[in-house]
Amino acid sequence: MTAITDGPLAGPSPGGADTVAPATFREAMTRFAASVTVVTAYDADRPVGCTATAVFSLTDRPPTMVVSLASTSGTLRHITATGLFAVSVLPWRLRAVADRFARLPSGQRFEGVEHTAQFGAPLLTGAVAGLVCRVTRLLPLADHTLVVGEVRHAQTENDEDPLVHYARRQTRPEA
């Protein structure tokens with residue numbers, strides 16, 4: 001195992017003397033395997049969204065999801081305005097969709113991407129799982145905002161391998 005604790009020559013950390021440097025932290029986070037999702041909302045009648053891996057279930061009583069988005073995110077702005085968001089968990093075969101929602105300008109992300117309106121938020125067709133949530137809390141932390149939402153709709157569509165982000169690459173679980 002390689003130690004990633006900053007030594008005395010690393011210099012002061014922006015978070016304080018007791019935290020590691022941001023680059024060291026980011027490197028460690030590449031070892032957290034995470035499902036790749038697309039988080040969506042509506043801007044009036046136009047769908048908007050972004051790729052996200054910082055998504056997790058908080059509890060099942062009541063069923064609650066948490067999504068972490070950059071506080072400057074356009075998707076976050078629309079989630080805040082509508083009070084609703086959806087999470088589509090992508091399968092391996094839709095990895096190009098993950099890239100599309102991560103790299104293209106906002107207005108081009110949904111071009112050619114099939115989706116349905118479910119309970120007020122767009123879910124991507126072909127997702128391994130989809131959830132629609134009503135925002136219950138917004139928690140600004142550092143340069144991100146945690147969006148907490150009660151699950152109003154949940155579905156699973158297929159048994160395909162999920163798309164996983166690990167070590168700066170897209171992969172899928174090994175059998």
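We're numbering straight along the sequence, starting at 1. A quick note: this is a predicted structure, and the numbers were derived from the prediction, not measured.
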task: Determine yes or no for a side-chain-to-main-chain donor-acceptor pair under 3.5 angstrom, with Thr82 supplying the side chain and Leu84 the backbone.
output: yes

task: Identify whether Leu58 and Leu141 are in the same connected component of the hydrophobic contact network (ILVMFWY, side-chain heavy atoms under 4.5 Å).
output: yes

- prompt: Do Phe85 and Val38 belong together in a cluster built from hydrophobic side chains that touch within less than 4.5 Å?
  reply: no

- request: Taking all heavy atoms of Tyr42 and all of Gly120, pick out the closest pair and write down the distance.
  value: CD1-O, 3.4 Å

field: Shortest non-hydrogen contact between Phe110 and Thr40, atoms and distance
entry: CZ-CG2, 3.6 Å

field: Identified side chain to side chain contact (heavy atoms under 4.5 Å, CB included) partner of Val147 from the options Thr136, Leu76, Val66
entry: Leu76

- prompt: So, Glu150 side chain and Arg134 main chain: donor-acceptor pair closer than 3.5 Å or not?
  reply: no

query: Minimum heavy-atom separation for Val132 to Phe119, with atom names?
result: CG1-O, 3.7 Å

- request: Compare all side-chain heavy atoms of Leu163 with those of Val97 and state whether any distance is below 4.5 angstrom.
  value: no

query: Should Val151 and Val55 be regarded as members of a common hydrophobic cluster, given that ILVMFWY residues are connected when their side-chain heavy atoms come within less than 4.5 Å of each other, either directly or indirectly?
result: yes

field: Side-chain donor/acceptor of Arg109 to backbone N/O of Val48, under 3.5 Å
entry: no

Approximate separation, where rounding is to 0.5 Å, of Gln155 CD and Ser88 OG: 8.0 Å

query: Run the side chain to side chain contact (heavy atoms under 4.5 Å, CB included) check on Thr51 and His165 step by step: do they pass?
result: CA-CA 11 Å; Thr51 301; His165 190 260; over 6 Å; no

- line: Between the CD atom in Glu157 and the OG1 atom in Thr125, the distance rounded to the nearest 0.5 Å is 6.5 Å

query: Rounded to the nearest 0.5 Å, what separation is found between the CD atom of Glu160 and the CG atom of Leu94?
result: 7.0 Å

query: Judged by atom type as modelled, is there a donor-acceptor pair below 3.5 Å linking the side chain of Arg95 to the main-chain atoms of Trp92?
result: yes

task: Report the residue from Thr53, Leu90, Thr171, Val36 that forms a side chain to side chain contact (heavy atoms under 4.5 Å, CB included) with Val164.
output: Thr171

message: Let me confirm one number: the OG-CG distance from Ser73 to Asp143, rounded to the nearest 0.5 Å.
response: 12.0 Å

task: May I ask you to decide if Ala52's main-chain N or O and Thr37's side chain share a donor-acceptor pair within less than 3.5 Å?
output: yes

task: Treating Ile, Leu, Val, Met, Phe, Trp and Tyr as nodes and any side-chain heavy-atom pair under 4.5 angstrom as an edge, say whether Val67 and Val135 lie in one connected cluster.
output: yes

- request: May I ask you to decide if Thr30's main-chain N or O and Arg168's side chain share a donor-acceptor pair within less than 3.5 Å?
  value: no

- prompt: If only atom types and distance count, is the side chain of Arg137 paired as donor or acceptor with the main-chain N or O of Leu146 below 3.5 Å?
  reply: no

task: Heavy atoms only: give me the nearest Gly130-Leu123 pair and the separation to one decimal.
output: CA-CD2, 3.8 Å

- request: Drop me the distance from Leu124's CG to Thr116's OG1, to the nearest 0.5 angstrom.
  value: 8.5 Å

message: Determine whether Met65 and Phe56 satisfy the following criterion, side chain to side chain contact (heavy atoms under 4.5 Å, CB included), listing intermediate values before the conclusion.
response: CA-CA 6 Å; Met65 295 293 296; Phe56 63 93; 5.9 Å; no

query: In terms of heavy-atom contacts, does CZ of Arg31 have more than 12 from other residues, nucleotides or ligands at under 6.0 Å?
result: yes

- line: Of all heavy-atom pairs linking Pro47 and His115, the shortest is CG-NE2, 3.6 Å

- line: Taken to the nearest 0.5 Å, the spacing of Arg77 CZ from Ser106 OG works out to 8.5 Å

- prompt: Can a donor-acceptor pair be found between the side chains of Thr145 and Ser71 at a distance below 3.5 Å?
  reply: yes

message: If you compare all heavy atoms of Cys50 against all heavy atoms of Leu69, which two are closest, and at what distance to 0.1 Å?
response: SG-CD2, 3.6 Å

